[in-house]
4 protein chains.
Amino acid sequence: MEKDNAAEQQGQEQWIQELLALSEKEQMTPKQISILQAAIDTFSEKGFSAAATSEIAQKAGVAEGTIFRYYKTKKELLLAIVVPTMSRMIAPFVMRNFSGVLDVPFESYEAFLKAFMVNRLDFARKNLKIIRILIQEIPFQPALREQLVENILSQVLERVTVITEHFKEQGQIMDAPTPAIIRFTISSVIGYLLARLLLMPDHDWNDEEEIEQTVSFIMHGIGGVRTL
Amino acid sequence: MEKDNAAEQQGQEQWIQELLALSEKEQMTPKQISILQAAIDTFSEKGFSAAATSEIAQKAGVAEGTIFRYYKTKKELLLAIVVPTMSRMIAPFVMRNFSGVLDVPFESYEAFLKAFMVNRLDFARKNLKIIRILIQEIPFQPALREQLVENILSQVLERVTVITEHFKEQGQIMDAPTPAIIRFTISSVIGYLLARLLLMPDHDWNDEEEIEQTVSFIMHGIGGVRTL
Amino acid sequence: MEKDNAAEQQGQEQWIQELLALSEKEQMTPKQISILQAAIDTFSEKGFSAAATSEIAQKAGVAEGTIFRYYKTKKELLLAIVVPTMSRMIAPFVMRNFSGVLDVPFESYEAFLKAFMVNRLDFARKNLKIIRILIQEIPFQPALREQLVENILSQVLERVTVITEHFKEQGQIMDAPTPAIIRFTISSVIGYLLARLLLMPDHDWNDEEEIEQTVSFIMHGIGGVRTL
Amino acid sequence: MEKDNAAEQQGQEQWIQELLALSEKEQMTPKQISILQAAIDTFSEKGFSAAATSEIAQKAGVAEGTIFRYYKTKKELLLAIVVPTMSRMIAPFVMRNFSGVLDVPFESYEAFLKAFMVNRLDFARKNLKIIRILIQEIPFQPALREQLVENILSQVLERVTVITEHFKEQGQIMDAPTPAIIRFTISSVIGYLLARLLLMPDHDWNDEEEIEQTVSFIMHGIGGVRTL
DNA sequence: GATGAATGAGCGTTCATTCAT
DNA sequence: AATGAATGAACGCTCATTCAT
């Protein structure tokens, strides 16, 4: 038990820990940071198209021209906000496991799922506005779509496939088509995150319980108790 | 068997059948219809903010001013497109069962789920562009949010709660909190629809199989086979 | 005498008469005409780059947006002013002489030169501002340069070469290289026009006399009287 | 012969020698020189209005602010380039003949003209870009116009009048109005320079021959050989 | 002296909306 | 009813100039 927890904890550390990207932020001037912050606020409130650079400048407390010193165009400002976050969204999937041996540091799929949900909920909570912008703009920004499809999704899929098949071999996951399993799992996870953070953010959530419930649903469904 | 199918069919008919809204369309002039069609195309391609009324007019083959004869503002045009579709999205939930007795016309939750998914997939396919617009604009249009929360979600929730609890009582659904069950179910359903129609529309889908698979996951999860 | 004058007159009519381009102007709305007029004034006063579309709009008495209904960009407005004038500048050279026989309707090179100078002085006087704009912008507008070199200069050169060699054969012009003769002639003609209209427009000119003097210089130079 | 050449040479030395303006250049820092050079390039490429000081700074390899240490405004930078060149353009006319006696060091007008053209061709070749800028900006810079009219043209005219009348008295130039003679001569000279350097710089020119031809045209015109 | 970040007025251009026809 | 010319506010963006370092 102790050991398991420790292993899980460690796995979580290695695996799920986010890129802190502190180096980046440190290179930024205070002005640049406030521009980004103002842009995040404005884009997420009004949408990219309807957000005026003049409003961003005003919120950031800089002259309008200053924005364009840092970002050549409004679109470049959008990408500067959204692309790094896209990378950080999938950070847990790209972290290399340097310790070798086993690439999947969790004993059970349930433990993995739970840790993943907890971690991504935390991440999403902290990056809510940017995620909102991302969701809004992906359909209209080919650059983003490309980035998403080519760099993000492919990596995630590859990784998740490995994990899923690992647990399938162990018999923890049933023998159904991996893509369907993945889609179903991700739907459930994202469904929870969206309901939790975007649809009903003001509801009184008990995250621990809900996550456990969701993981349980994913594993065993909502069907009536099976009698032996 | 025959009987079952017939019942299901009938249930579907009664329950799931869409509002045809013919009355509305009949009152429209051809010009108005082509304006709406052009607006749907343009809004879904570029987003509401970035769509120019002049482009809509051009696509519709009318003068720029004509649009504003029918819809006082661009926003009104948006609502004219999106609000009726919102109603039709939940049509299956608001149809009253006039035949009395039983409000839930399906014998099993699985059958209900499957029928529901088939039906909504069809609906979503036919209204893809409008749904895209809807998803995009809900965050920015308070009028839409209100409509959604007050008229749509509440009705759906109420209805789905009744259904869910009906099957819970029957023992077809386990005794977990109804909201969690609903959220999980809807996540899985919508997750499939989104993947199917928006994320990977070009993938070669076998809808019947996938839907059955998804329903099975919802009911029994993805866990390994439990040995007795 | 009578005959000569008549011939000259006729030649002038056929040859030198300008394109009136009335049809074009008639198709223009009063607003478009005032935009063009205001643009001509502003471009010639401040130069193309330094001219603000807002000033043009104000001078024309229209809203700024109106300019862009007629001309998609500021540069298009420039070309709309300058390209037709370029064509009209060389109109005398492209008019075909359908009467056949002789392609050069003047008996003497001196008469031709004089008629040409009178005619082009009149044209330049009437189109002074546009010519100013043209001279200013040719170095910076590749579109103009191309038009000039490919459509204008080549036609003019070809024609002038024919004329020059015609009079050379007649012994009216000495046997020097045609390009040098042409360059020298054109320099003298344009030199007069520039001095007359741009450099010293306020000087009290006797055009008839000056033109005759200039033609005489071109033909016989400024050298002292040769004693036999 | 010897004497003649010597005299001519000396005359040329005295008369035509340019202001070297070394004193000015020596006072300049390397930075200032590179700013001027970059400004000349940029102004002549894009025109004064369309040239950005930031581009000049970049080409010069200095910070944007540095330009404004040396020249308070962009216009001042323009004048710093163009005004000294204006002076040097007319240097041949303002050199005082300190030796007294004869103010015109050439025996023949033709020799004078030829020497003048050779010399100014050389000057124009070396200062082509600046001359381009000068021609472009004179219409829009009242300061330049004034300078040109009051300091330059008047001096040149005065001097050229003296020279012309000197040769008129000698019978080398015919008895026509001096202004007309001057205008005609200058037109022909400048016409050659423009054709040579701006209109057809890539043509294969034999300068010596062309200049002699031009001088001959100026003196004797292009008329057919007069038989006695 | 030299820098370059910061400014903000002004630019060319777009577009939802109006209204005379 | 339908048009489309006209509007003008607002947009994204540029750039000459300033000034703290």
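Labels below follow one simple rule: chain letters A, B, ... track the order of the sequence lines, proteins then strands, and each chain is numbered from 1. On a predicted model such as this, the values are computed, not experimentally measured, just so you know.
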Inset, instruction - Test B/Thr66 against B/Lys31 for side chain to side chain donor-acceptor pair (under 3.5 Å), laying out the working first. - result: CA-CA 9 Å; B/Thr66 306; B/Lys31 256 175 185 146; over 6 Å; no
Inset, instruction - Begin from the C-alpha positions of B/Leu77 and B/Tyr70 and carry the test side-chain contact (heavy atoms from CB on, under 4.5 Å) through to its verdict. - result: CA-CA 8 Å; B/Leu77 174 57; B/Tyr70 291 103; over 6 Å; no
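Among the protein residues, B/Ala51 comes within range of the sugar-phosphate backbone only, with heavy atoms under 4.0 Å from sugar or phosphate atoms but none that close to a base. At a threshold of 4.0 angstrom between heavy atoms, the contacts of C/Tyr71 with the nucleic acid are absent.
F/dC11 atom C1' lies 15 Å from atom CG of A/Leu77, rounded to whole Å. Distance, D/Glu55 CD to E/dG4 P: 18 Å, rounded to whole Å. Protein atom CZ of C/Phe68 is 5 Å distant from nucleotide atom C1' of E/dG12, rounded to whole Å. To the nearest angstrom, P of E/dG1 lies 11 Å from CD1 of D/Ile35. Regarding B/Tyr70, its OH atom lies at a distance of 8 Å from the C1' atom of F/dA2, rounded to whole Å. One interatomic measurement links the two molecules: CD of B/Glu64 to P of F/dG4, which rounds to 9 Å at whole-angstrom precision. A straight line from CD of A/Glu76 to P of F/dG12 spans 15 Å, rounded to a whole angstrom. Distance CD1 (C/Ile67) to P (F/dG8): 13 Å, rounded to an integer number of Å.
In terms of phosphate contacts, A/Lys31 brings no side-chain nitrogen or oxygen within less than 4.0 Å of OP1 or OP2 of E/dG4. Distances shown here put a side-chain N or O of A/Thr66 below 4.0 Å from the OP1 or OP2 atom of E/dT7. Using a 4.0 Å cut-off, no side-chain N or O of D/Arg69 falls inside it from OP1 or OP2 of E/dA2. In this structure, B/Ser54 does not reach the E/dC15 phosphate: none of its side-chain N or O atoms is under 4.0 Å from OP1 or OP2.
The residue among C/Gly61 and A/Ser49 whose nearest nucleotide of DNA chain F lies closer to the 5′ end is C/Gly61. Between A/Gly65 and C/Lys72, it is A/Gly65 whose nearest contact on DNA chain E lies nearer the 5' terminus.
In this structure, B/Lys74 satisfies the cation-pi test against B/Phe48, with its NZ or CZ atom closer than 6.0 Å to the six-membered ring centre and inside 45 degrees of the ring normal.
Using a 4.0 Å cut-off between charged nitrogen and carboxylate oxygen, C/Glu137 and C/Arg145 do not count as a salt-bridge pair.
The main-chain N or O of C/Asp41 is found under 3.5 Å from a side-chain atom of C/Ser44 such that the two form a donor-acceptor pair.
When Watson-Crick and G-U wobble pairs are counted only if both distances are under 3.5 Å, E/dT13 pairs with F/dA10. When Watson-Crick and G-U wobble pairs are counted only if both distances are under 3.5 Å, F/dA20 pairs with E/dT3.
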